[in-house]
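All remarks here apply to the structure that follows.
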Amino acid sequence: MTSTSSSTALRTHSCGELNASHVGSRVRLAGWVARRREHGDKLAFVDLRDYSGVMQCVIDDGADARSEWVVQIEGTVTARPAGTVNANLPTGEVELTDCSLTVLNAAEPPPFPIDQRADEVDENIRLKYRYLDIRRERMQRNLRLRANVNSAIRAAMDEQGFVEVETPLLMPSTPEGAREFLVPSRKEPGSFYALPQSPQLWKQLLMVAGLDRYYQIARCLRDEDLRADRQYEFTQLDAEMSFVNKDDVLDAISRAVMAAARAATGEAPPPIERITWHDAMNRFGVDKPDLRFGMELVELTQVFAGTGFKAFAAAGCIKGLRVDAATYPEAAAMGRNKLDALTDRAKQLGAKGLVWMKVGEAGALDSPVAKFLSDAEKAALVAALGAKAGDLLLLVADEWTTTCTVLGQLRNDLARPPVHEGPYRYVWVVDFPLFVGVNPTTKKPQPGHHPFCHPHPDDLAKMETDPLNVRALAYDLVLNGWELGSGSIRIHEPELQRRVFQLLGIDDETADRKFGFFLQPFKYGAPPHGGFAFGVDRLVAILAGEENIREVIAFPKTQSGLDPMTNAPGPVEATQLGELGLRTLPKPAN
RNA sequence: GGUCCCGUGGUGAAGUUUGGAGUUCACGCCGGCCUGUCAAGCCGGAGGUCGCGGGUUCAAAUCCCGUCGGGACCGCCA
């Protein structure tokens, strides 16, 4: 018998590696019975499946081996008789003949078919029997793709001189930002560790420590509500570099992303383009624009300057979308019910309302508000949007942020293609604002990213006078409308850090209490540094063509944070609680 | 905390709008037949607390209320 890298004590080959070049070889395979086709006592076909694929075995003596039984089959690789080649199977030119079959383990029938049909099975059942779900080709492909991406990322980071460092999972609670998972201390009852939302603090300390370049494929934990692109636990490529500017960081991370993309798809994407945050908001209405399709927001404020229509006259910013009838016939032809639903959606997103107009022949506009607009306004509107007969126009009038975000969301709702369609459009969104909005209670500006982001050097002068228009040296990486990750150049000067804290309303004493262990080291010579982190789950999901990250995570939680397989979370023994100095409260009555 | 959709033999669906016997289809399962199939084919069979609880009704998978579970989204995710 020949042997290969997949050979073990129980097999000489994997199922999927056999082809015409092996004809004549005596081989031994081990795997699961994917399917059995019986033709009487003297002939049966058993499709044997392992991680690598499926091999048809011809059984002459009617051995009993049913679905998902674990068996070992020894046989001779034989070219299939003329007319019986299966072109749909990579191994379809050959089959195993003169077989002897050994049952290694019988099995109960699986609750769902271990093939493509399980894509239709309720996800809860797939998760309850995840070990069976992962036997399927789709999950095998996704998990292996993920492993390849991880390994390409490691290689790219290693090559650039980044040092992989593991940072603690048990750390002090830092109540800013995402809600944390807490871990009670046994030795200090009443005290708690927190699990890291990200290794942010540790990696900056590693820069102070002179490590120069750090990375980690790190698990992060956030106790926030789950979504298609969010799990309690997720994985980031986390990196930090010393003595760098923004371009150094973007370049280093780009190399890792390119390497990951190449590992997944076989080809490197073109250089990642850049857009400023302000342009992204203006043109696409989101800070994570999907560049795979057009339908950009059109500025209309000037068109309605001095209008008699009250809803428009009072607004600081008016923008519109043109739903092109040729490209999106269904959306453009929307009926009254759907337009009402769209208006509700706009209101849910924060708009006061949504103005829709249907374009008729010769620029005629059919709309509940048409009677409030002058002919000149209508003509200017049609011209600005380039509207043609059959198009649907959607207008929002509000302050700038609301106008942009509402239309941006509607643009996505109406026209965004499925994640697996079209090209990969990576984009760096740069020049994020340092502060976003004002805390309603403290009246102080709120950090857009985190309070350690370096302000843009050109905007330092207006930090106190015009804080909301100060840019940060902060940037996001976006792929096909998904935020993959973000980063920034950090503040390394204690004086500037104090200035930012003051703007946020954090005095020296509070800063010391909350971030002391983090700020103290910066007094001992912190190098200029910056870094980045991007979500591996999201990147792999998109590269795998999956709409949600659960499909690229071996054992994910449901939207309510449960694991249908292990039934976690669950109650614990009273003695365990006692050791930790904990007592549970009764559930609130309804 | 909120909005919307879903829950029917092991699996997927139809039935719910307009209440009338657990009815139907496909896959799977069990048995039989079958020597070239490949999601094999043919014949037969078994398998159900219609998520759960309450209400309305002579009668509820179907209508009403509540609840649990799943999904998408808003809030949240510095």
Side-chain angles (χ1 to χ4, degrees), chain A residues 34-48 54-62 66-68 80-89 91-92 95 97 108-129 132 174-180 197-198 200-201 220-232 234 341 344-350 405-406 409 412-413 432 434-437 439 445-453 472 474 483 486 488 500 504 506 514-515 535 547-548 550 557-562 564 567 590:
Chain A
R35 205 160 303 282
R36 185 184 58 154
R37 295 176 292 280
E38 271 192 294
H39 294 257
D41 293 339
K42 292 291 189 291
L43 176 66
F45 298 97
V46 167
D47 289 342
L48 188 68
V54 167
M55 171 58 57
Q56 171 166 289
C57 306
V58 184
I59 309 290
D60 300 317
D61 53 6
R66 308 213 163 193
S67 284
E68 301 310 312
R80 292 198 187 184
T84 66
V85 167
N86 185 345
N88 300 321
L89 221 55
T91 59
E95 62 190 6
T97 56
E108 290 181 17
F112 51 79
I114 310 299
D115 60 33
Q116 275 190 341
R117 285 170 293 181
D119 290 346
E120 309 303 319
V121 170
D122 188 300
E123 195 181 348
N124 212 32
I125 292 172
R126 289 176 56 205
L127 291 181
K128 182 172 178 184
Y129 301 94
L132 297 180
T174 50
E176 276 68 28
R179 188 181 297 111
E180 299 171 316
Q197 308 163 32
S198 82
Q200 182 67 32
L201 306 180
C220 306
L221 299 107
R222 295 179 187 173
D223 188 3
E224 299 290 352
D225 287 359
L226 286 62
R227 289 280 201 287
D229 60 353
R230 280 157 42 181
Q231 282 273 305
Y232 283 152
F234 60 100
D344 288 344
R345 169 81 167 153
K347 286 178 179 167
Q348 187 190 25
L349 291 166
T405 54
V406 170
Q409 190 60 56
N412 276 342
D413 289 352
F432 266 72
L434 188 63
F435 304 108
V436 176
N439 185 308
Q446 306 183 103
H449 187 45
H450 59 59
F452 315 117
C453 279
E483 181 191 327
S486 60
S488 62
V500 170
L504 296 171
I506 302 173
K514 284 184 168 172
F515 305 108
E547 297 278 354
N548 89 58
R550 295 186 297 274
K557 308 270 189 294
T558 66
Q559 194 167 81
S560 55
L562 310 178
N567 288 324
N590 291 318

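Just so we're clear, the structure is a prediction, and the values are computed from it rather than from any experiment.
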Nearest to the side chain of [X] - [options]?
| X | options | value |
| --- | --- | --- |
| A:Pro111 | B:G69, B:C77, B:G10 | B:G10 |
| A:Ala228 | B:A72, B:G12, B:U37 | B:A72 |
| A:Arg37 | B:A72, B:C74, B:A40 | B:A40 |
| A:Asp47 | B:C38, B:G12, B:G36 | B:C38 |
| A:Asp122 | B:C74, B:G70, B:A72 | B:G70 |
| A:Arg345 | B:G12, B:C38, B:C73 | B:C73 |
| A:His39 | B:U35, B:C27, B:C77 | B:U35 |
| A:Asn548 | B:C76, B:G36, B:A72 | B:A72 |

Could A:Glu123 and A:Arg550 be called an ion pair, given the rule that one side-chain N must be under 4.0 Å from one carboxylate O?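 Salt bridge: yes.
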Under 4.0 Å between a Lys/Arg side-chain N and an Asp/Glu carboxylate O for A:Asp115 and A:Arg117?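 Salt bridge present between A:Asp115 and A:Arg117.
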With hydrogens left out and only the distance checked, is there a donor-acceptor pair under 3.5 Å joining [X]'s side chain and the base of [N]?
| X | N | result |
| --- | --- | --- |
| A:Arg230 | B:C76 | yes |
| A:Arg35 | B:A40 | no |
| A:Arg227 | B:G75 | yes |
| A:Arg66 | B:C30 | no |
| A:Glu38 | B:U37 | no |
| A:Asn86 | B:C38 | yes |

So which heavy atom on A:Lys128 is nearest to which on A:Pro564, and how close?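 The answer is CG-O, 3.8 Å.
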Compare every heavy atom of A:Glu68 with every heavy atom of A:Ala34, then report the nearest pair and how far apart it is.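 Heavy-atom minimum between the residues: CA-OE2, 4.3 Å.
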Between [M] and [N], how far apart are the [atom1] atoms? Round to whole Å, please.
| N | M | atom1 | answer |
| --- | --- | --- | --- |
| B:G20 | B:C76 | P | 47 Å |
| B:A40 | B:U35 | C1' | 13 Å |
| B:C64 | B:U16 | P | 14 Å |
| B:G10 | B:A46 | C1' | 13 Å |
| B:G32 | B:C25 | P | 25 Å |
| B:G15 | B:G75 | C1' | 38 Å |
| B:A72 | B:G28 | C1' | 30 Å |
| B:U17 | B:C65 | P | 15 Å |

In the strands shown, is [N] matched to any nucleotide by a Watson-Crick or G-U wobble pair with both distances under 3.5 Å, and which?
| N | result |
| --- | --- |
| B:G69 | B:C6 |
| B:G19 | none |
| B:C38 | none |
| B:G45 | B:C29 |
| B:C63 | B:G55 |

To the nearest angstrom, how far is [X] atom [atom1] from [N] atom [atom2]?
| X | N | atom1 | atom2 | answer |
| --- | --- | --- | --- | --- |
| A:Glu123 | B:C5 | CD | C1' | 15 Å |
| A:Asp225 | B:G71 | CG | P | 12 Å |
| A:Asp344 | B:C73 | CG | C1' | 14 Å |
| A:Gln446 | B:C77 | CD | C1' | 14 Å |
| A:Glu120 | B:A39 | CD | C1' | 14 Å |
| A:Leu349 | B:G75 | CG | P | 7 Å |
| A:Leu132 | B:U11 | CG | P | 13 Å |
| A:Tyr129 | B:G70 | OH | C1' | 16 Å |

My understanding is that only one of A:Asp223, A:Thr174, A:Leu221 makes a side chain to side chain contact (heavy atoms under 4.5 Å, CB included) with A:Glu180; could you say which?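 Only one option passes, and that is A:Thr174.
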Judged by each residue's nearest nucleotide on RNA chain B, which is more toward the 5′ side, A:Asp229 or A:Leu562?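 The residue whose closest nucleotide sits nearer the 5' end is A:Leu562.
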First of A:Phe112 and A:Pro109 reached from the 5' end of RNA chain B, by closest nucleotide: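 The residue mapped nearer the 5' terminus is A:Phe112.
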Which part of the nucleic acid, if any, lies within reach of [X] when heavy atoms closer than 4.0 Å are counted: base, sugar-phosphate only, or nothing?
| X | value |
| --- | --- |
| A:Glu547 | nothing |
| A:Thr558 | sugar-phosphate |
| A:Asn124 | sugar-phosphate |
| A:Arg550 | sugar-phosphate |

For B:C38, does either OP1 or OP2 sit under 4.0 Å from a side-chain N or O belonging to A:Thr84?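 Answer is no, no contact under 4.0 Å.
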If you compare every side-chain N and O of A:Gln559 against the phosphate oxygens of B:A72 (OP1, OP2), does one of them come in below 4.0 Å?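 Indeed, a polar side-chain atom of A:Gln559 lies that close.
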Close side-chain approach of [X] and [Y], heavy atoms under 4.5 Å:
| X | Y | result |
| --- | --- | --- |
| A:Phe45 | A:Arg35 | no |
| A:Ser67 | A:Pro109 | no |
| A:Val58 | A:Leu43 | yes |

According to salt bridge (Lys or Arg N to Asp or Glu O under 4.0 Å), who are the partners of A:Asp225, at least two apart in sequence or on a separate chain?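 With sequence neighbours excluded, A:Asp225 shows a salt bridge (Lys or Arg N to Asp or Glu O under 4.0 Å) to no residue whatsoever.
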